[in-house]
Trainee: 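Shown below is the structure under consideration.
Here is the naming used below: chain letters follow the sequence lines, and residue numbers restart at 1 for every chain. Reckoned from all heavy atoms, side chains included, excluding hydrogens, waters and symmetry mates. Everything numeric here is computed off the predicted structure, so don't read it as measured data.
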2 protein chains.
Amino acid sequence: MPATPPLTRIQIKNRQVILEAGLEVFSQHGFRGATLDQIASQAGLSKPNLLYYFPSKEAIHVALLSSLLDTWLAPLQALDDHGDPVAEILDYVRRKLALSRDFPRESRLFANEVLQGAPRIGGALGGDLKTLVDAKAAVIRGWGAAGRIAPVDPYHLIFSIWALTQHYADFDVQVRAVLGGEDPFPGAEAYLEQLFRRLLTA
Amino acid sequence: MPATPPLTRIQIKNRQVILEAGLEVFSQHGFRGATLDQIASQAGLSKPNLLYYFPSKEAIHVALLSSLLDTWLAPLQALDDHGDPVAEILDYVRRKLALSRDFPRESRLFANEVLQGAPRIGGALGGDLKTLVDAKAAVIRGWGAAGRIAPVDPYHLIFSIWALTQHYADFDVQVRAVLGGEDPFPGAEAYLEQLFRRLLTA
DNA sequence: GATTGATTTGACCAAACGGTCAACTGAAGG
DNA sequence: CCTTCAGTTGACCGTTTGGTCAAATCAATC
């Protein structure tokens with residue numbers, strides 16, 4: 001007894017099209033700044049047709065956020081207790097920076113939400129997110145206690161990785177304005193490797 | 001012949017009240033998410049009265065942004081060519097972190113604007129901001145060339161200071177959710193000093 | 001090719017929005 | 001007291017917005 005009937009091909013395709021359009025518009029203008037007309041136009045659908053697939057504007061936003069959270073936390077999930085500590089952390093930094101380079105809209109969508117107090121995703125922050133960070137912080141603390149990396153506060157280490165990598169997506173306009181249009185990412189990757197290597201092997 | 005007549009006491013006070021209310025509301029909801037009714041209510045004034053002092057919603061926003069930019073760049077302005085390099089940079093980090101602690105709303109207002117492509121302040125990014133950063137980057141590059149700090153890309157060094165300090169204001173909700181409500185700032189200050197000291201004296 | 005349910009849309013609605021205006025109030029100087 | 005002008009506001013307006021609905025169209029199955 002499936003409570004929800006199976007989706008047709010058209011439903012699968014149009015839901016995808018709408019989410020892609022919603023990502024484009026929400027990440028540019030924020031939740032309140034985005035309009036259903038904009039999203040519909042971007043998706044190539046009529047406004048009532050949007051609301052045939054999603055019950056409300058907020059439902060599109062929530063669907064985007066929750067499908068995003070997994071992708072966003074995957075790099076931290078992959079941090080391996082049994083790997084080489086410095087290499088593991090540097091890999092995490094690289095993976096997170098790659099997300100900023102390849103999925104800047106997702107980063108800005110998330111930033112917009114957190115910036116405004118995470119009204120539609122707040123629960124996940126103190127729940128899944130905190131659980132994961134607590135676990136990985138314990139791993140990092142263990143590495144420090146064993147003398148395999150220089151001692152650092154593991155929570156602020158994780159925050160600093162988030163801040164440094166997401167900055168290149170979220171503040172892209174500012175970064176490129178200062179650099180005069182040059183692509184920031186090659187330089188960023190080299191700089192961040194240098195920074196965390198020095199921090200962890202001091 | 002003063003083109004603009006002198007301001008009365010009431011004008012000075014009410015303009016200030018409106019800007020304070022606008023800061024509160026804009027920083028929480030963004031430009032599009034904020035309404036004149038919210039700002040008026042927060043300021044304890046009627047909506048038509050708001051528009052007696054500012055010609056439009058956008059005018060309030062622009063007034064906030066431009067008066068903010070100076071405050072925001074002051075810590076970088078203060079970076080002294082003739083001081084001790086490591087101490088100068090660490091002082092810059094501390095001053096910038098203090099801004100995040102003491103003026104989080106200003107930080108979020110700015111973040112909101114840049115996140116959405118800086119539509120109302122874009123010009124200043126490639127202008128005043130770039131000019132200042134170029135000048136200070138040259139100073140830092142000089143310190144590196146003279147062997148007084150470890151060699152680092154000065155632009156990414158500045159970006160990293162912005163990212164790390166503003167993160168604690170802009171992503172406050174997330175940081176506190178992970179830390180379980182604990183005040184992040186004491187730990188952040190210690191961590192950032194450690195990080196930049198190791199980076200610059202490697 | 002007829003039927004049935006999935007899909008699409010033009011027309012519409014109520015609420016919220018930024019902004020206007022004429023009229024009212026208050027305060028300061030003569 | 002009266003005049004004058006800064007300050008204030010209730011009522012209002014046109015537009016935009018999220019969302020609804022009945023009717024039309026399309027696609028799959030029999």
Trainee: Return no unless some side-chain N or O of B:Y53 is found under 4.0 Å from OP1 or OP2 of D:dA6.
Mentor: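 Answer is no, no contact under 4.0 Å.
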Trainee: Any pair with a residue in residues 74-88 of chain B that passes side-chain hydrogen bond (donor to acceptor under 3.5 Å, both in side chains), sequence neighbours left out, goes on the list, sorted by first then second residue, please.
Mentor: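 Matches after skipping sequence neighbours: none remain.
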Trainee: May I ask you to verify if any side-chain N or O of B:N49 is less than 4.0 angstrom from the OP1 or OP2 atom of D:dT9?
Mentor: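 Affirmative; the distance criterion is met.
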Trainee: Taking only residues two or more places apart in sequence, or in another chain, which ones meet A:T131 in a side chain to side chain contact (heavy atoms under 4.5 Å, CB included)?
Mentor: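 Applying side chain to side chain contact (heavy atoms under 4.5 Å, CB included) to A:T131 gives none.
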Trainee: Salt bridge (charged side-chain N to carboxylate O under 4.0 Å, His left out) with A:K130: which residues, sequence neighbours excluded?
Mentor: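 A:K130 satisfies salt bridge (charged side-chain N to carboxylate O under 4.0 Å, His left out) with A:D134 once adjacent residues are dropped.
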Trainee: Any base atoms under 4.0 Å from A:F54, or only sugar-phosphate, or nothing? Heavy atoms, all strands.
Mentor: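 Nothing, no heavy atom under 4.0 Å.
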Trainee: If you walk 5' to 3' along DNA chain C, what is the first nucleotide with an atom under 4.0 Å of a heavy atom in chain A, and what is the last?
Mentor: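 Endpoints of the contacted stretch of DNA chain C: C:dA6 to C:dC17.
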Trainee: Any idea which heavy atoms bring A:R198 and B:A150 closest together, and the distance?
Mentor: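 The pair with the smallest heavy-atom distance is NH1-CB, 3.4 Å.
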Trainee: State which residues pass salt bridge (charged side-chain N to carboxylate O under 4.0 Å, His left out) with A:K136; sequence neighbours excluded, sorted by chain then number.
Mentor: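 By the salt bridge (charged side-chain N to carboxylate O under 4.0 Å, His left out) rule, A:K136 matches no residue at all.
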Trainee: Sequence neighbours excluded, which residues qualify as salt bridge (charged side-chain N to carboxylate O under 4.0 Å, His left out) partners of B:D91?
Mentor: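 For B:D91 the salt bridge (charged side-chain N to carboxylate O under 4.0 Å, His left out) partners, ignoring immediate neighbours, are B:R94.
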Trainee: For A:S41, what residues pass the side chain to side chain contact (heavy atoms under 4.5 Å, CB included) criterion, not counting sequence neighbours?
Mentor: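 Side chain to side chain contact (heavy atoms under 4.5 Å, CB included) list for A:S41, sorted by chain: empty.
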Trainee: Applying side chain to side chain donor-acceptor pair (under 3.5 Å), can you list everything that pairs with B:W162, at least two apart in sequence or on another chain?
Mentor: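 In terms of side chain to side chain donor-acceptor pair (under 3.5 Å), with neighbours along the sequence ignored, B:W162 is linked to B:Y92.
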Trainee: A:F103: which residues meet the side chain to side chain contact (heavy atoms under 4.5 Å, CB included) condition with it, sequence neighbours left out?
Mentor: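 Result, side chain to side chain contact (heavy atoms under 4.5 Å, CB included) vs A:F103: A:W72, A:L99, A:E106.
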Trainee: For A:D172, check salt bridge (charged side-chain N to carboxylate O under 4.0 Å, His left out) against everything at least two apart and list the hits.
Mentor: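 A:D172 satisfies salt bridge (charged side-chain N to carboxylate O under 4.0 Å, His left out) with A:R176 once adjacent residues are dropped.
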Trainee: Does D:dG7 have OP1 or OP2 sitting under 4.0 Å from an N or O in the side chain of B:Q11?
Mentor: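 Affirmative; the distance criterion is met.
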Trainee: Pick out the pairs of N or O atoms, protein on one side and nucleotides 24-30 of chain D on the other, that lie under 3.5 Å.
Mentor:
{"unit_1": "D:dA28", "atom_1": "OP1", "unit_2": "A:R9", "atom_2": "NH2", "d": "2.9"}

Trainee: Could you run down the sub-3.5 Å N/O contacts of the protein with nucleotides 17-20 of chain D?
Mentor:
{"unit_1": "D:dG18", "atom_1": "OP1", "unit_2": "A:A34", "atom_2": "O", "d": "3.1"}
{"unit_1": "D:dG18", "atom_1": "OP1", "unit_2": "A:K57", "atom_2": "NZ", "d": "2.7"}
{"unit_1": "D:dG18", "atom_1": "OP2", "unit_2": "A:L36", "atom_2": "N", "d": "2.9"}
{"unit_1": "D:dG18", "atom_1": "N7", "unit_2": "A:K47", "atom_2": "NZ", "d": "3.1"}
{"unit_1": "D:dG19", "atom_1": "OP2", "unit_2": "A:K57", "atom_2": "N", "d": "2.8"}
{"unit_1": "D:dG19", "atom_1": "O6", "unit_2": "A:K47", "atom_2": "NZ", "d": "3.2"}

